[in-house]
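First listed ligand is number 1; within each ligand, the first listed atom is number 1.
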Amino acid sequence: KTITTGAPKTHIADSLIRTTLTGWITAGTVPPWDANTLYFIYMDKGVKVTMGGSSSCTSFCGYHDAMSGKKYYAVMPFPSCAGCLGGLSVQDALTGTSSHELCEAITDPVPPTGWYDNANGEIGDICAWKFKTIAGYNVQLEWSNKAKSCI
Ligand SMILES: [Zn+2]
């Protein structure tokens, strides 16, 4: 779903993303919440996302988190900087980062209370920038304790 009302033009803070998402859920703008819902929010090109003291492209290429009441969400800035493209096309970078955050939102839905390693972070962080193609899409490898490797 594309929501353009009030869309940020240059930057947006995570706190405003949370407030906005809460409003969308309440208004029925997005599908209703349940415990298995993960809201992915994709930003327009050129919109910088800030969270705490860090910002997209400088510190992160995407992230997932939880609001109170287990309302899970992931934020995907448009990959337009070298650090988040990593030499990939925009689409491959977007699906790569999206798959990274999707898997982590499942294994560590409320960071860092799930699968979280103090040295290596979440399962996607261990395997960052390692990819494979599934059904024509670039997806990131994720850590497997069973295989003891990125699969
Ligand atoms: Zn990660």
Side-chain angles (χ1 to χ4, degrees), residues 1 3 7-8 10-22 24-25 30-31 33-151:
K1 181 170 195 168
I3 302 170
T10 56
H11 65 279
I12 186 167
D14 179 64
S15 55
L16 183 53
I17 291 172
R18 286 169 169 247
T19 303
T20 302
L21 176 57
T22 299
W24 287 340
I25 295 169
V30 295
W33 172 88
D34 70 25
N36 287 315
T37 299
L38 171 64
Y39 296 100
F40 261 86
I41 302 169
Y42 291 84
M43 294 296 157
D44 284 331
K45 188 175 186 177
V47 175
K48 184 164 90 173
V49 178
T50 56
M51 184 179 56
S54 59
S55 59
S56 56
C57 278
T58 310
S59 303
F60 57 84
C61 299
Y63 61 90
H64 71 95
D65 206 346
M67 299 191 289
S68 62
K70 297 185 175 180
K71 291 188 175 68
Y72 309 118
Y73 70 104
V75 176
M76 298 289 125
F78 189 95
S80 54
C81 56
C84 292
L85 286 168
L88 302 170
S89 69
V90 167
Q91 177 168 322
D92 285 352
L94 208 52
T95 58
T97 303
S98 296
S99 60
H100 173 132
E101 301 304 333
L102 172 62
C103 290
E104 292 180 341
I106 295 166
T107 56
D108 187 24
V110 184
T113 63
W115 200 107
Y116 188 89
D117 180 283
N118 282 334
N120 301 300
E122 301 176 310
I123 67 165
D125 302 326
I126 300 173
C127 309
W129 300 105
K130 295 176 182 171
F131 302 100
K132 65 181 173 185
T133 302
I134 296 179
Y137 292 98
N138 182 58
V139 296
Q140 201 202 282
L141 304 185
E142 312 293 335
W143 179 257
S144 165
N145 280 348
K146 187 176 180 186
K148 294 184 172 54
S149 66
C150 297
I151 60 169

Show the numbers, then the answer: is there a side chain to side chain donor-acceptor pair (under 3.5 Å) between Tyr42 and Ser98?
CA-CA 10 Å; Tyr42 291 84; Ser98 296; 2.8 Å; yes
Verify the neighbour count for atom OH of Tyr137: are there more than 12 heavy atoms of other residues, nucleotides or ligands below 6.0 Å?
no
Measuring from the Zn ion (ligand 1), name the closest N, O or S atom belonging to Asp125.
OD1
Would you say Lys48 has more than 12 foreign heavy atoms packed within less than 6.0 Å of its NZ?
no
Taking N, O or S atoms only and a limit of 2.8 Å, check whether His100 reaches the Zn ion (ligand 1).
yes
Whether Glu104 has an N, O or S atom under 2.8 Å from the Zn ion (ligand 1)
yes
Donor-acceptor check, side chain of Gln140 to backbone of Gly124, threshold 3.5 angstrom: yes or no?
yes
